[in-house]
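In what follows, chains are A, B, ... by sequence order, proteins preceding strands, each numbered from 1.
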Amino acid sequence: MPGPSVAAATVGDLIAQRSVAITRDTLVRYAGASGDFNPIHYNDAFAESVGLPGVIAHGMLTMGLGASVVEEWAGPGNVLDYGCRFTRPIPVPALDEVVVDITATIAAVDEDARIVRVDVVVEFAGQKVLGKAQAHVQCS
Amino acid sequence: MPVNPDAVGRSYGPGDTYEVTRAKIREFAEAVDARGRSHFDVDVAREYGYADLVAPTTFAVVIAQRAEFDVIVDPEVGVDFSKVVHAEEKFTHHRPLTAGDEISTVIHIDSIKQRAGISMVSTRAELTDAQGASVATVVSTLAVREDA
């Protein structure tokens, strides 16, 4: 499908904002869906044995949540690339939920190629958990 | 045992072909809160011009991580999985993955950088379809702690 209009894209535009609650159920669901069964994402004793404060969310889950808001704006198949660094873990308690806040902003516009760069920020407890999370989107 | 920097340049695969299914796309989309209907409804995906359900942006990790396992378990590379933290990831899509794709993956060890007791191991998974065309490139960097 055609992507969003490049003519309507302006650097600084906020294109998406979403808060997502993460629980242990979220992590188990992501483990099953992705095939990533590293026990640091479901077993507190194991996580502590390797120096973590307890179970942490999959970085790829956080990255995927960020991708979802970009893709919903871009339209399916229009995200050309997407990358990030994992800079801070998100501890997920056994019984409670944590909330991450996601924002996606247009950071650069290439009108000739009709490609925009979208920067994604995912924050937990007021701190960014992904570094340099950037996607390029094919526009129309 | 530390990571062996001489492992740079090794490649693995292709192993078994991975068949992208509707069920897995839906399951993954739910897991990452991807709400686009083209991940769930075949008619919507076809209206958008795709052959079948469209995989979410990071779905290729399902395929790439299976291939990366070959690197992690290779004793000549020397990655201790209990000391691994995921440091970076990047997806480049040459076309969207859709249900019905049969994907072959070759994984390459592109770089191993060692500093301050940590080895940064970067792998690149090249995903190709049944016709041999490139579908996606997935670059993943693992940080491996080298404490004794």
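Chain B forms the most heavy-atom pairs under 4.5 Å with one residue out of A:Ala135, A:Pro39, A:Gly35, A:Gly64, and that residue is A:Gly64. The candidate with the highest count of non-hydrogen atom pairs below 4.5 Å against chain A, out of B:Arg95, B:His39, B:Arg66, is B:His39. Top candidate by heavy-atom pairs under 4.5 Å with chain A, chosen from B:Pro96, B:Ala45, B:Ser82, B:Ala31, is B:Ala31. Ranked by heavy-atom pairs shorter than 4.5 Å toward chain A, the options B:Glu47, B:His93, B:Glu89 are led by B:Glu89.
In this structure, the portion of B:Ala55 lying under 4.5 Å from any heavy atom of chain A is its backbone and not its side chain. At a 4.5 Å heavy-atom cutoff, the contact between B:Ser38 and chain A is made by side-chain atoms alone. Heavy-atom distances place both the backbone and the side chain of A:Val50 under 4.5 Å from chain B. For a residue to count as touching a neighbouring chain, one of its non-hydrogen atoms must lie under 4.5 Å from one of that chain's; by this rule B:His94 does not touch chain A.
Taken from CD1 in A:Ile56 to NE2 in B:His86, the straight-line distance is 11.5 Å, to the nearest 0.5 Å. With rounding to the nearest 0.5 Å, the separation of CD in B:Glu88 from OG1 in A:Thr87 is 10.5 Å.
B:Val138 and B:Ile112 fall into different hydrophobic clusters, where Ile, Leu, Val, Met, Phe, Trp and Tyr residues are linked whenever their side-chain heavy atoms come under 4.5 Å apart, directly or through other members. Residues A:Tyr30 and B:Val20 share a single hydrophobic cluster, defined by chaining ILVMFWY side chains whose heavy atoms lie under 4.5 Å apart. Taken together through direct or relayed side-chain contacts under 4.5 Å among Ile, Leu, Val, Met, Phe, Trp and Tyr, A:Val11 and A:Ile15 form part of one hydrophobic cluster.
Closest of all the heavy-atom pairs between A:Met60 and B:Thr58 is CE-CB, 4.2 Å. Closest heavy-atom contact between B:Gln65 and A:Asp36: OE1-CB, 3.5 Å. For the pair B:Val32 and A:Leu65, the tightest heavy-atom approach, listed with the atom from each and the gap, is O-CD2, 3.3 Å.
Surrounding CZ of A:Arg29 are at most 12 heavy atoms belonging to other residues, nucleotides or ligands under 6.0 Å away. Other residues, nucleotides and ligands place more than 12 heavy atoms under 6.0 Å from the OH atom of A:Tyr42. Around the CZ atom of B:Phe69, the shell of radius 6.0 Å holds no more than 12 heavy atoms that belong to other residues, nucleotides or ligands.
In terms of modelled atom types and a separation under 3.5 Å, the side chain of B:Tyr50 and the main chain of A:Pro76 share a donor-acceptor contact. When atom types are taken as modelled, the side chain of B:Lys90 and the backbone of A:Cys84 share no donor-acceptor pair closer than 3.5 angstrom. Using modelled atom types, one side-chain atom of A:Glu72 and one backbone atom of B:Arg35 make a donor-acceptor pair closer than 3.5 Å.
With a 4.5 Å cut-off on side-chain heavy atoms, A:Arg85 and B:Thr141 do not count as touching. The side-chain heavy atoms of A:Asn38 and B:Phe81, taken from C-beta on, include a pair separated by under 4.5 Å.
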CA sep, side-chain torsions, deciding dist, call: B:Val61, A:Met63, side-chain contact (heavy atoms from CB on, under 4.5 Å)
CA-CA 11 Å; B:Val61 74; A:Met63 185 184 190; over 6 Å; no

Please report the C-alpha distance between A:Phe86 and B:Val85 in whole Å, then the side-chain angles of each, then the deciding distance to 0.1 Å, and finally whether the side-chain contact (heavy atoms from CB on, under 4.5 Å) criterion is met.
CA-CA 9 Å; A:Phe86 304 101; B:Val85 175; over 6 Å; no

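Among B:Thr92, B:Thr137, B:Val139, the one residue that satisfies the side-chain contact (heavy atoms from CB on, under 4.5 Å) test with A:Asp81 is B:Thr92.
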